[in-house]
Amino acid sequence: MAKKDINWGELGFGYIQTDYRYVSNWKDGAWDDGALTTDASVVLNECAGVLQYAQTVFEGLKAYTTEDGRIVTFRPDLNAERLEQSAKRLEIPAFPQERFIDAVKQVVKANADYVPPFGSGATLYLRPYMFGSNPVIGVKPATEYQFRIFCTPVGPYFKGGAKPLTIKVSDYDRAAPCGTGNIKAGLNYAMSLHAIVTAHDEGYAENMYLDSKTRTNVEETGGANFLFITKDGKVVTPKSDTILPSITRRSLIYVAQHYLGLEAEERVVPFEEVKDMAECGLCGTAAVISPVGKIVDHGKEICLPSGMNEMGPITKKLYDTLTGIQMGRIEAPEGWIYEIG
Ligand code: PLP
Ligand code: COI
């Protein structure tokens, strides 16, 4: 088997159909054995729970080729755990954690030719998701579900390489729990689409959402958490119950403290404080750490001292260490790396 003929270095964050995906069905109160399939289409009844009441949840994680040619995934146990929490919120039955990890391995292994080579700048993005599949017309949960994982090779989430982004303070709420639209850990993504289109139309890469109750504290962006570096070199990341509990962020706090000897704290970050920060980045599976150079608050510009040309120095250290761990250049903490055997 040979790698697919893909120009890995040119990939953006898009969908490329790969050869295999995993499917398991829930019926009569149990998941079936599950299997890989080459069929990328999902055929549903017009009244399926997912179509009428958006009963669906998802996850996102990546597979990497290491420097010595192994294929690995990063902390899939945490994605399994978070998917279970998301599913609970939407009355979807849990998919067992060990089966989730096994399904991830099966999908990566079956699509090994699509895992971008080490050093290409691309990775294999995996999208596990679950949805109500049988007809429901009264407002109630479905009684049949599908769990699926597909994968697609991806490049950087934001265009322009590692150039710092300009983002805006959004007038919209992040639309946390409830409402229709697909959900990850209680966040409603469909309700964020109008805000992201508005920001893009105005020339911004992302939205900075403030807390919907007081509109004074920093929450997150549409697809990533915030990470700030203070002028005295401390890593600070917003604490909030209404943002996605990012696995990348949790990992970066550990990396800051245990690999780089930095102070790191998760705490409420008043928007007022942002103008005094030295560096700012967006962190997530897709975003990795994407630096922010400028934040525009209704015409008022906050320019981070790290500037618009490159990542700030501490952000860069965090980035190099995290990606070093993910790509096998730096030894990982126990249990972070899962080999695709
Ligand atoms: N916040 C939002 C809204 C996201 O969609 C994501 C992406 O998964 C994240 C944060 C980062 O989370 P993680 O690091 O687990 O990918
Ligand atoms: C991820 O990083 O996995 C996400 O869910 C972000 C999404 C906006 C692509």
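Here the structure is a predicted model, which means the values were calculated and not measured. Both counts, for ligands and for their atoms, begin at 1 and track the order of listing. One-based numbering along the sequence shown.
- When P245, G284, A287 are checked for heavy-atom proximity to atom 11 (C) of ligand 1, G284 turns out nearest.
- The shortest side-chain heavy-atom distance between S290 and Y157 does not fall under the 4.5 Å cut-off.
- At a 4.0 Å heavy-atom cut-off, ligand 1 touches S246 through backbone and side chain alike.
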Quiz item: What's the verdict on side chain to side chain contact (heavy atoms under 4.5 Å, CB included) for V108 and C151, showing C-alpha distance, side-chain angles and the deciding distance?
Solution: CA-CA 8 Å; V108 177; C151 64; over 6 Å; no

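- Per-residue contacts place Y189 under 4.0 angstrom from the following atoms of ligand 1 (heavy atoms of the residue considered): 2 (C), 3 (C), 4 (C), 5 (O).
- Remark: distances from the non-hydrogen atoms of G60 to ligand 1 are all 4.0 Å or more.
- Residue G223 approaches ligand 1 through these ligand atoms, each under 4.0 Å from one of its heavy atoms: 1 (N), 2 (C), 3 (C), 4 (C), 5 (O), 6 (C), 7 (C), 9 (C).
- A salt bridge links E266 with R249: the distance from a Lys NZ or Arg NE/NH1/NH2 to an Asp or Glu carboxylate oxygen falls below 4.0 Å.
- Listed by number with element, the atoms of ligand 2 under 4.0 Å from a non-hydrogen atom of F13 are 9 (C).
- Nearest heavy atoms, Y338 versus P76: CD1-CD, 3.3 Å.
- Between R267 and E273, at least one side-chain nitrogen of the basic residue sits less than 4.0 Å from a carboxylate oxygen of the acidic one, meeting the salt-bridge criterion.
- Of the residues S212, S240, S170, the one that meets the side chain to side chain donor-acceptor pair (under 3.5 Å) test with E219 is S240.
- Contact between E59 and ligand 1 is absent, with no heavy atom of the residue lying under 4.0 Å from the ligand.
- Closest heavy-atom approach to atom 4 (C) of ligand 2 within the set Y157, F58, Y125: this belongs to Y125.
- Close approach to G223 involves these atoms of ligand 2, each under 4.0 Å from a residue heavy atom: 6 (C), 8 (C).
- Remark: E263 CD is loosely packed, at most 12 non-hydrogen atoms of other residues, nucleotides or ligands lying under 6.0 Å away.
- Within a 6.0 Å sphere centred on CZ of F271, other residues, nucleotides and ligands contribute more than 12 heavy atoms.
- When each atom of ligand 1 is checked for a heavy atom of E220 under 4.0 Å away, the hits are 1 (N), 2 (C), 3 (C), 10 (C).
- Taking any N or O of G284, backbone or side chain, none lies under 3.5 Å from an N or O belonging to ligand 2.
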